[in-house]
Structures are given as structure tokens and as C-alpha cells.
Amino acid sequence: MLVAERYELIVQVVNERGSIRVSELSELCGVTEETIRRDLDRLESAGRLRRSHGGAVSVKETQAETPYFEREIIHADEKRRIAQEAIKWIQPHDRVLLDASTTAWYMASYLPDIPLTVLTNSVKVASELSGKEKIEVISTGGRLAKRSLSFVGPLAERSMDAYHVDKLFLSCKGVHLERGISESNEQQALVKQKMIGIAEQVILLADASKFGVRAFTHVAELGVADAIITDRGVSEETVAELEERGIRVSIV
């Protein structure tokens with residue numbers, strides 16, 4: 001294998017997996033770990049990956065969050081259908097947690113004005129619900145992530161220690177049968193881990209484009225989800241595998 005071919009293979013594998021260790025690359029490429037470390041140094045200098053302790057991570061997966069105005073139009077029809085189905089799972093007097101996803105915002109817009117308590121880290125969700133008199137809205141507070149219009153950071157995480165909710169409606173960057181639920185960055189992942197920890201029931205909202213994706217930061221195993229609401233683009237094999245694991249799948 002030529003050096004240039006080895007470089008391309010390393011970048012390809014790192015992008016596919018999100019991260020990989022030096023020892024794995026050494027075995028895969030059939031060269032010493034010292035050679036791999038030199039390769040990674042050169043590839044990092046070229047901006048094609050980022051070195052980590054003991055390996056490398058993909059710069060493809062560490063890019064900044066997609067701005068909210070862009071997420072509003074990506075797979076919008078599917079997200080609206082998922083949101084319309086999700087609100088059917090909400091009963092009067094439920095304590096509900098909505099994340100800062102576009103789908104959660106659609107849910108907020110479709111929610112009828114019934115007695116509910118809604119906890120959220122989303123500026124858009126809180127604003128959407130502000131005109132519904134019977135819905136009590138609680139914001140986590142925290143540091144404002146401007147691209148996603150969400151509150152993140154230690155304050156947002158600590159504020160959730162005071163609450164317990166009946167239902168969490170959670171979206172994510174990736175849903176993978178082996179890797180589980182993943183996010184584009186660590187701050188979003190930490191907030192969502194905290195959300196999962198205070199919820200009686202976790203309903204994952206994921207359009208078909210999210211399946212098979214291994215985003216940069218692991219959030220949780222798929223088993224934390226009691227149910228998944230998705231669209232018709234998900235394969236029958238994937239649905240069957242999820243149901244075998246005891247996860248209810250609702251397709252809209």
C-alpha cells in the first residue's frame with residue numbers, strides 16, 4: 001500500500017467510525033503504531049482529522065451544529081408528521097420535557113392548550129408555548145448555544161436535578177443499532193443524558209435520515225428509548241431489530 005493510499009484509508013475509516021485508536025489503525029494498515037502516529041500528525045496538519053489521546057477523531061463529525069433556520073427546512077415534512085403523532089402521546093396534566101430540536105418546536109406549535117407542565121432547554125419551544133395559557137412552561141436556563149437556540153452547559157444540566165418528568169421527547173443527530181444515540185457535540189450530549197435521567201418514559205423522535213448515523217458524541221444506548229417515532233423511510237429490517245429489543249416503533 002502506497003503512503004497516499006494509506007492516508008486515504010485512514011481518513012475514510014476515521015470518518016466512518018467517528019473515532020479510532022492507533023492500535024486499530026496499525027493492524028488495519030499493516031504498519032507500526034509509530035508510523036500511524038506520524039501519519040496522524042501529518043493528516044492533522046492538513047486539517048483532515050484531529051488527534052486525540054491514543055488515536056484520532058473525525059473533523060467531519062465535529063463540525064458546528066447546523067443552524068436552526070437550516071434545520072427547520074431539512075426533512076421538514078417528515079418532522080411535522082412525527083410531531084403530530086408525538087402530541088397524541090401527551091395527556092392532560094402530563095409533565096413533559098421537550099428538547100431543542102426542530103421536531104420539538106413543531107410539537108409545541110401543534111400542542112393544544114391543555115393543562116400541562118413543559119420543561120425545555122429550547123428558546124423556540126418556550127416562545128411557541130408562551131401564548132398557551134393552560135401550559136406551564138419552565139426553562140432550564142444555562143448558556144445559550146446561538147446556532148441551535150438552546151440552553152446548554154453546567155447550569156442547564158444542574159437545573160434539571162430539581163425535576164422529574166413523565167415523558168421526554170428527544171431528538172438527536174444519529175441513531176445506530178450498535179452505537180446507539182449520538183449527538184454532534186459534547187455539550188448537547190451531556191444535556192440530553194441529563195434529560196434521559198429525569199424521565200419516566202423516553203420517546204425518541206427521529207426521521208429516517210438519522211438512522212445508521214454515528215455522530216461524534218455518544219449520548220446513550222438505544223435501550224433507553226421506550227419508543228421511537230419515525231417515518232416510512234426506515235427499513236423493515238431496522239424496525240424488526242428495534243422491536244426485537246422491546247422498543248415500540250411508530251411509523252408515520
Side-chain angles (χ1 to χ4, degrees), residues 65-72 74 76 79-80 82-173 181 183-207 210 217 219-220 224-229:
E65 292 179 82
T66 306
Y68 205 101
F69 73 89
E70 290 183 23
R71 288 194 282 131
E72 286 180 23
I74 298 172
K79 291 174 180 177
R80 287 191 184 97
I82 290 169
Q84 287 168 343
E85 172 64 22
I87 62 171
K88 297 176 184 176
W89 298 42
I90 297 175
Q91 303 297 321
H93 305 289
D94 274 348
R95 298 164 299 175
V96 175
L97 176 49
L98 298 181
D99 71 3
S101 63
T102 310
T103 310
W105 174 50
Y106 288 142
M107 282 184 67
S109 69
Y110 295 138
L111 264 176
D113 191 5
I114 59 176
L116 293 173
T117 299
V118 177
L119 175 64
T120 186
N121 71 322
S122 167
V123 173
K124 294 275 284 186
V125 168
S127 176
E128 188 68 43
L129 293 175
S130 64
K132 301 183 181 184
E133 294 183 0
K134 296 179 183 178
I135 300 178
E136 180 181 6
V137 182
I138 302 172
S139 173
T140 63
R143 185 182 67 79
L144 179 65
K146 295 178 181 178
R147 293 176 72 89
S148 61
L149 296 177
S150 63
F151 291 114
V152 296
L155 180 57
E157 295 163 33
R158 287 197 301 270
S159 71
M160 284 185 277
D161 287 335
Y163 303 105
H164 180 78
V165 298
D166 301 305
K167 295 162 187 171
L168 162 63
F169 292 89
L170 182 77
S171 189
C172 60
K173 185 80 169 181
I181 302 165
E183 259 301 336
S184 58
N185 66 70
E186 187 176 17
Q187 286 195 319
Q188 292 291 348
L190 290 172
V191 167
K192 293 188 177 186
Q193 286 169 359
K194 200 74 174 182
M195 290 178 170
I196 291 167
I198 67 168
E200 192 71 28
Q201 186 179 19
V202 178
I203 299 107
L204 188 62
L205 312 175
D207 64 77
K210 305 287 180 68
T217 307
V219 175
V224 303
D226 297 284
I228 297 177
I229 305 177

Would you confirm whether [X], through its side chain, and [Y], through its main-chain N or O, come within 3.5 Å as a donor-acceptor pair?
| X | Y | answer |
| --- | --- | --- |
| D94 | L116 | no |
| K167 | I203 | no |
| S150 | N121 | no |
| S127 | K124 | no |
| D207 | K79 | no |

Heavy-atom pair of closest approach, residues [X] and [Y]:
| X | Y | value |
| --- | --- | --- |
| A86 | L205 | CB-CD2, 4.0 Å |
| F151 | G142 | CD2-O, 3.4 Å |
| V152 | A145 | CG2-CB, 4.2 Å |
| V165 | R95 | CB-O, 3.5 Å |
| Y106 | R80 | OH-NH2, 3.7 Å |

For residues [X] and [Y], determine if any side-chain heavy atom of one lies less than 4.5 Å from a side-chain heavy atom of the other.
| X | Y | value |
| --- | --- | --- |
| L97 | F169 | no |
| E133 | D113 | yes |
| V137 | S130 | no |
| D166 | Q91 | no |
| I198 | L119 | yes |
| K173 | Q188 | no |

Subject >> Pairs flagged by salt bridge (Lys or Arg N to Asp or Glu O under 4.0 Å) wherever residues 185-202 is involved - sequence neighbours left out >> reply: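 The answer is D99-K192, D161-K194, E183-K192.
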Subject >> Partner of V219 under side chain to side chain contact (heavy atoms under 4.5 Å, CB included), chosen from I196, V224, V191 >> reply: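 Filter result, single survivor: I196.
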Subject >> salt bridge (Lys or Arg N to Asp or Glu O under 4.0 Å) partners of E85, counting only residues at least two apart >> reply: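 Once residues adjacent in sequence are excluded, the partners of E85 under the salt bridge (Lys or Arg N to Asp or Glu O under 4.0 Å) criterion are K88.
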